[in-house]
A.B. asks: 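Questions regarding the structure given below will be posed in turn.
Remember, predicted model here, so these are calculated numbers, not experimental data. In what follows, every chain begins at residue 1, and chains take the letters A, B, ... in the order their sequences are listed.
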There are 2 protein chains.
Amino acid sequence: MATHELFHTIYQLSRELTKQTNQTLQSFGLYSAQWAVLFVLKEKGSMPQSDLCEYLAVEAPPMTRTIQRLMKQDYVQQKPGADKRVKMIELTEKAKKAYPEWEQAVLSMNERLLAGVPDEQRMVMKTMLASWLVTLKGVSHE
Amino acid sequence: MATHELFHTIYQLSRELTKQTNQTLQSFGLYSAQWAVLFVLKEKGSMPQSDLCEYLAVEAPPMTRTIQRLMKQDYVQQKPGADKRVKMIELTEKAKKAYPEWEQAVLSMNERLLAGVPDEQRMVMKTMLASWLVTLKGVSHE
DNA sequence: TCCTATTAGTTACTTAGGTAACTATTCTAT
DNA sequence: ATAGAATAGTTACCTAAGTAACTAATAGGA
């Protein structure tokens, strides 16, 4: 098969989805990378910065930057952990209050972007891509 | 469905594929964005810079940068078009000579990364993602 | 014809992620 | 108990894409 096309399509999709997410979040003064962090913190609660990296599969430096910006906006705060190296990250009250509005905007955007795709296809894509990603990470990890 | 997961997976996949591509091209002194341009020029021949943008769905500024770097490496040259605004871009002899080696490296990488995925699934993914991308672009275009 | 709108490309600045090199802790093995 | 390895996080610098604002050239309409 022409593997080029598959790779190219995934790349294009990723960029388009990020662009749309940024547009959606623009009115809240947020960007996609920040949203990803806020989403995880909402789901999982307080956690070390390194866990955020692992969860989002992002290296430490970009995470440092994203968190510093979220702190500047008072959406996130850090508390020293028992281990003096780690910084525990958690949502502020301000963020918790604003969160539902953000979530609603993102969810309705997701629905709009997937409007033409039947639920079955969404599931198939999600399953195939996720399992491929797992093997992909596994291969390069060995 | 949990649309978050699908979007997240696509984003992760895109980043992993780009990273692997960069690693593969590293020994040739090339990066993924440059390779994309070289690939299109090889397939389509000489074309205006704006056509390259359209083909790769990239805005003009990043394309300017990528091409300037490719010119510095003597892999690409620009010739003025009949319209004095346009710059026609084409591969140099040096690039044409080196191309097969690059292509071979990328193709074998693609096969390696897709090793665990049966051909049927590759086709299904490609088809679904491509058609989704088209509708996605169409929606935001209107 | 000439004035306006459009198009091609560049420059400046932004978000976003990556690697390398570094500091400061903590863990481990002798 | 301590020296060396591993871990958490930061800083500096890289590729990469985006928008806004700009220049230069072309196209189109009054």
Side-chain angles (χ1 to χ4, degrees), chain A residues 8 10-26 28-38 47-73 76 78-89 140, chain B residues 8 10-26 28-38 47-73 76 78-89 140:
Chain A
H8 186 244
I10 290 171
Y11 185 57
Q12 301 293 326
L13 262 178
S14 171
R15 274 171 49 217
E16 186 63 29
L17 295 177
T18 301
K19 210 195 292 188
Q20 296 273 352
T21 303
N22 280 328
Q23 280 175 22
T24 298
L25 294 171
Q26 192 173 10
F28 305 118
L30 289 174
Y31 288 88
S32 56
Q34 296 175 281
W35 166 249
V37 169
L38 294 168
M47 60 169 67
Q49 197 165 312
S50 56
D51 284 17
L52 276 170
C53 288
E54 195 179 346
Y55 223 84
L56 295 171
V58 156
E59 300 300 321
M63 186 55 71
T64 294
R65 290 188 290 263
T66 301
I67 285 178
Q68 281 174 351
R69 284 179 53 200
L70 283 170
M71 288 202 303
K72 207 171 282 179
Q73 290 170 286
V76 137
Q78 55 186 206
K79 293 184 176 172
D83 184 331
K84 283 178 190 171
R85 291 171 300 182
V86 343
K87 298 181 172 178
M88 299 294 291
I89 312 293
S140 61
Chain B
H8 186 245
I10 290 171
Y11 185 56
Q12 302 293 324
L13 261 178
S14 172
R15 274 171 49 217
E16 186 64 29
L17 295 177
T18 301
K19 211 195 293 187
Q20 297 273 353
T21 303
N22 280 328
Q23 280 175 22
T24 297
L25 295 171
Q26 192 173 8
F28 306 117
L30 289 174
Y31 288 88
S32 56
Q34 296 175 279
W35 165 249
V37 169
L38 294 168
M47 61 169 69
Q49 195 166 313
S50 56
D51 284 16
L52 276 169
C53 288
E54 197 180 345
Y55 222 84
L56 295 171
V58 156
E59 300 299 322
M63 186 54 71
T64 293
R65 291 188 290 264
T66 300
I67 284 178
Q68 282 174 351
R69 283 178 56 200
L70 282 170
M71 288 201 306
K72 207 171 282 177
Q73 290 170 287
V76 137
Q78 52 185 209
K79 293 185 176 171
D83 185 331
K84 285 179 188 168
R85 291 170 301 181
V86 342
K87 298 183 173 178
M88 298 294 290
I89 312 293
S140 62

A.B. asks: Between B/Leu25 (CG) and C/dG18 (P), how many Å, whole number?
C.D. replies: 17 Å

A.B. asks: Which part of the nucleic acid, if any, lies within contact of B/Ala33, taking any heavy atom under 4.0 Å across all strands shown: a base, the sugar-phosphate backbone alone, or nothing?
C.D. replies: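 Result for B/Ala33 = sugar-phosphate.
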
A.B. asks: Can you tell which of D/dG9, D/dT7, D/dA17 lies closest to the side chain of A/Arg85?
C.D. replies: D/dT7

A.B. asks: Rounded to whole Å, how long is the line connecting atom CG of B/Leu17 with atom P of D/dT15?
C.D. replies: 21 Å

A.B. asks: Expressed in angstrom and rounded to an integer, what is the separation of B/Lys84 atom NZ from C/dT10 atom C1'?
C.D. replies: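 B/Lys84 atom NZ is separated from C/dT10 atom C1' by 19 Å.
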
A.B. asks: Students often get this wrong, so: under 4.0 angstrom with heavy atoms, is A/Thr64 touching a base, only sugar-phosphate, or nothing?
C.D. replies: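 Counting heavy atoms under 4.0 Å across all strands, the contact made by A/Thr64 includes a base.
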
A.B. asks: Would you indicate, yes or no, if C/dT10 has its OP1 or OP2 atom less than 4.0 angstrom from a side-chain nitrogen or oxygen of B/Lys87?
C.D. replies: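 It does, given that an N or O in the side chain of B/Lys87 lies less than 4.0 Å from OP1 or OP2 of C/dT10.
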
A.B. asks: Between C1' on C/dG9 and CD1 on B/Ile67, what's the gap in Å once rounded to a whole number?
C.D. replies: 10 Å

A.B. asks: Any heavy-atom pair between the side chains of A/Leu52 and A/Thr66 that's under 4.5 Å?
C.D. replies: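 The answer is no; the side chains never approach within 4.5 Å.
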
A.B. asks: Does A/Gln12 reach a base, just sugar-phosphate, or nothing at all? Heavy atoms under 4.0 Å.
C.D. replies: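 Counting heavy atoms under 4.0 Å across all strands, no contact is made by A/Gln12.
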
A.B. asks: If you round to the nearest 0.5 Å, how far is CD of A/Gln49 from CE of A/Met63?
C.D. replies: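 If I round to the nearest 0.5 Å, the distance is 7.0 Å.
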
A.B. asks: Taking only side-chain nitrogens and oxygens of B/Ser32, does any of them come within less than 4.0 Å of OP1 or OP2 of D/dA16?
C.D. replies: yes

A.B. asks: Once you round it to whole Å, what is the distance between P of D/dA8 and CD of A/Glu59?
C.D. replies: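 Nearest whole value for this atom pair: 13 Å.
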
A.B. asks: Give a yes or no on whether B/Phe28 atom CZ has more than 12 heavy-atom contacts from other residues, nucleotides or ligands under 6.0 Å away.
C.D. replies: yes

A.B. asks: Nearest to the A/Arg69 side chain among C/dA16, D/dG9, D/dT19, which nucleotide is it?
C.D. replies: C/dA16

A.B. asks: Which listed nucleotide (C/dT19, C/dT15, D/dA16) is nearest to the side chain of A/Tyr31?
C.D. replies: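 Between C/dT19, C/dT15, D/dA16, the one nearest the side chain of A/Tyr31 would be C/dT15.
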
A.B. asks: Using whole Å, report how far CD of A/Gln34 lies from P of C/dA16.
C.D. replies: 6 Å

A.B. asks: Would you tell me if any nitrogen or oxygen in the side chain of A/Thr18 comes within less than 4.0 Å of OP1 or OP2 on D/dA17?
C.D. replies: no

A.B. asks: Measure from the side-chain N and O atoms of B/Gln78 to the backbone N and O of B/Ile67, and report whether any donor-acceptor pair falls under 3.5 Å.
C.D. replies: no

A.B. asks: Looking only at side-chain atoms of B/Ser50, point me to the closest of C/dT25, D/dA17, C/dA8.
C.D. replies: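 For the B/Ser50 side chain, the nearest candidate turns out to be C/dA8.
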
A.B. asks: Figure out the CD/C1' separation between A/Gln26 and C/dT15, and round it to whole Å.
C.D. replies: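 In whole Å, C/dT15 C1' and A/Gln26 CD are 12 Å from each other.
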
A.B. asks: Please confirm whether the shortest side-chain N or O distance from B/Gln68 to OP1 or OP2 of C/dT11 is below 4.0 Å.
C.D. replies: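 For C/dT11, OP1/OP2 do have a side-chain N/O of B/Gln68 under 4.0 Å.
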
A.B. asks: Could you give the distance from CG (A/Asn22) to CG (A/Leu17), rounded to the nearest 0.5 Å?
C.D. replies: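 Spacing of CG (A/Asn22) from CG (A/Leu17) equals 11.0 Å.
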
A.B. asks: Given that A/Asp51 and A/Lys19 both sit by DNA chain D, which one's nearest nucleotide is further toward the 5' end?
C.D. replies: A/Asp51

A.B. asks: On DNA chain C, compare the nucleotides closest to A/Met63 and B/Pro61; which residue's is nearer the 5' end?
C.D. replies: B/Pro61

A.B. asks: Does OP1 or OP2 of D/dA16 have a side-chain N or O of A/Tyr11 closer than 4.0 Å?
C.D. replies: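 A/Tyr11 to D/dA16 OP1/OP2: no side-chain N or O under 4.0 Å.
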
A.B. asks: Measuring from atom CD of A/Gln26 to atom OG1 of A/Thr24, what distance do you get when rounded to the nearest 0.5 angstrom?
C.D. replies: 9.5 Å

A.B. asks: On the side chain of B/Arg65, is there an atom forming a donor-acceptor pair with the base of D/dA17 - under 3.5 Å, no angle test?
C.D. replies: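 Between D/dA17 and B/Arg65, which were checked side chain against base, a qualifying N/O pair under 3.5 Å is present.
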
A.B. asks: Tell me the interatomic distance from A/Gln73, atom CD, to C/dT15, atom P, rounded to whole angstroms.
C.D. replies: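 My rounded result for the distance is 10 Å.
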
A.B. asks: Closer than 4.0 Å, any side-chain N/O of A/Gln49 to the OP1 or OP2 of D/dT10?
C.D. replies: yes

